[in-house]
**Student:** 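Dropping a structure here in C-alpha cells format, bear with me for questions.
In each ligand, atom 1 is the first atom listed, and ligand 1 is the first ligand listed. Values reported hereafter were calculated over all heavy atoms of this structure, with side chains retained and with hydrogens, waters and symmetry mates removed. Note that the numbering runs from 1 along the sequence shown for the chain.
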Amino acid sequence: MSLLDVRDIDSSYGRAQVLHGVSMTAEAGQIVAILGRNGAGKSSTLKAIMQLLPPHRGRVTFRDTDVTGWPPYRVARTGIGYVPEDRRVFTQLTVRENLEVGRRPAGPNGPGWTEDALFDLFPNLAERRDAPGRSLSGGEQQMLSVARTLMGNPALVLLDEPSEGLAPVIVSQMARAIARLRDEGLTVVLSEQNLAFARAVSDRALVLDHGTVRFDGSFDALEADPNIRDTYLSVSATSTP
Ligand SMILES: Nc1ncnc2c1ncn2[C@@H]1O[C@H](COP(=O)(O)OP(=O)(O)OP(=O)(O)O)[C@@H](O)[C@H]1O
C-alpha cells in the first residue's frame, strides 16, 4: 500500500465545494507535484490531507491508518509535516529559536534532523542563525519554514508552492534541498505553478483543474500531452531552477 493514499475526497469552504473526488497516492521516497492554475485546488488538497480542510467524502490514509477527520495536530504526530504558503515564521524569534519551536522526537522516521544538518541543507540560514525572523528575506523565510517543519522529523512533507516569489538563485537552492530530502528517504507532496521547477524536483505530476484531477503520471507523459499542458497549466511560470 502507498505511504499516502487520498481516495475520492470532496472538500468545501462553507457551502462552496472546491475538491471534487480527488484521488492521489504518494509512494515512500517519492516526490509528487500537484500542478494547476490559480484556484485549481492545489492548496486545498494539501489542507485536506492535513485535515485543515477535512474532507466530507472520501478517505485520507497514511501508513495504513485512516486519518480522515482527525485533528491536524494528531495528523502531524503521525509523521506528516506541512509548510503553508504564507510561511508563518516567528518574526521575534531568531532562526535557531524558530527551529527549536519545531523540534519533535525522531521516532520511527530515522535518526532525526539536527540544527547542523538543517544548516548544511540551507547554508543561507547558517549565516543568519542568530538573526531575528523579521530580518530574513522572503527566500530565507521560506527556507526557515521548511527547516522548522523538518525539525518535527516527518516522513511525509507537504510543501505549498515552495518556489513562489523566490529569486532564481534561491529557487535553485530550494530545488537542491528538495532533491536532498529525497536522498534522505523522505516523501514530499508539493504544489507548484512553476512547471520547470516541479519537473526538476519531482518524480510524478498530478494536474488539477476546478478541484478535479485531470492528469496523473510522469512528466514525460505530461509533456507529450500538449492538450493537458496548454489547457490546465499556466504558461507564464516556466523559469528554470
Ligand atoms: N479560505 C477560503 N475560503 C473560501 N474559498 C477558498 C478559500 N481558500 C481557497 N478558496 C477557494 O478554493 C478554490 C481552490 O483554491 P486553492 O487555494 O486550493 O487553489 P490553488 O490551486 O492552491 O491556487 P493558488 O495557487 O492561488 O493558491 C478557489 O476557488 C478558491 O477561491
**Student:** Should you measure from each heavy atom of Gln193, which atoms of ligand 1 turn up under 4.0 Å away?
**Tutor:** 25 (O)
**Student:** List the closest protein heavy-atom neighbour of atom 12 (O) of ligand 1: residue, atom name, distance to the nearest 0.1 Å.
**Tutor:** Val18 CG1, 3.1 Å
**Student:** Looking only at protein heavy atoms, identify the closest one to atom 26 (O) of ligand 1 and say how far it is in Å.
**Tutor:** Asn38 OD1, 3.2 Å
**Student:** Checking side-chain contact (heavy atoms from CB on, under 4.5 Å) for the pair Val32/Asp203: CA distance, chi angles, key distance, verdict?
**Tutor:** CA-CA 6 Å; Val32 181; Asp203 302 300; over 6 Å; no
**Student:** Could you check atom 16 (P) of ligand 1 against the protein and tell me its nearest heavy-atom contact, residue, atom and distance included?
**Tutor:** Ser44 OG, 3.6 Å
**Student:** Restricting to non-hydrogen atoms, name the atom on Val22 and the atom on Val6 that form the minimum distance, rounded to 0.1 Å.
**Tutor:** O-CG1, 3.6 Å
**Student:** Between Asp220 and Ser218, does any side-chain donor sit less than 3.5 Å from a side-chain acceptor?
**Tutor:** no
**Student:** To the nearest 0.1 Å, how far is atom 2 (C) of ligand 1 from its closest protein heavy atom, and which atom is that?
**Tutor:** Tyr13 CD2, 3.4 Å
**Student:** Run the contact test for Gly41 against ligand 1 with a 4.0 Å cut-off on heavy atoms, strictly below, and give the result.
**Tutor:** yes
**Student:** Considering all heavy atoms of both residues, which atom of Arg214 and which atom of Ile228 are nearest to each other, and what is their separation?
**Tutor:** O-CD1, 3.5 Å
**Student:** Quick one: side chain to side chain donor-acceptor pair (under 3.5 Å) partners of Arg74, sequence neighbours excluded?
**Tutor:** none
**Student:** Would you say Glu85 contacts ligand 1, with heavy atoms under 4.0 Å as the rule?
**Tutor:** yes
**Student:** Do Gln193 and Arg37 meet the criterion of a side-chain donor-acceptor pair at a distance under 3.5 Å?
**Tutor:** no
**Student:** Just heavy atoms, cut-off under 4.0 Å: does Arg37 contact ligand 1 by side chain, backbone, both, or neither?
**Tutor:** backbone
**Student:** Out of all atoms in ligand 1, which are within 4.0 Å of some heavy atom of Ala40? Include the element for each.
**Tutor:** 19 (O), 20 (P), 21 (O)
**Student:** So, is Lys42 polar-close to ligand 1, with some N/O to N/O distance under 3.5 Å?
**Tutor:** yes
**Student:** What is the nearest protein non-hydrogen atom to atom 25 (O) of ligand 1, stated with its residue, atom name and distance?
**Tutor:** Glu161 OE2, 2.8 Å
**Student:** Do Glu192 and Ser163 meet the criterion of a side-chain donor-acceptor pair at a distance under 3.5 Å?
**Tutor:** yes
**Student:** Just going by heavy-atom distances, which of Gly211, Gly39, Gly36 is nearest to atom 14 (C) of ligand 1?
**Tutor:** Gly39
**Student:** For Phe90, which fellow cluster members are found when Ile, Leu, Val, Met, Phe, Trp and Tyr are connected by side-chain heavy-atom distances below 4.5 angstrom, either directly or through intermediates?
**Tutor:** Leu93, Val101
**Student:** Between Ser43, Ser12, Ser11, which one has a non-hydrogen atom sitting closest to atom 17 (O) of ligand 1?
**Tutor:** Ser43
**Student:** Between Leu144 and Leu99, which heavy-atom pair has the shortest distance, and what is it?
**Tutor:** CD1-CD2, 3.8 Å
**Student:** For atom 31 (O) of ligand 1, is the nearest protein heavy atom closer than 4.0 Å?
**Tutor:** no
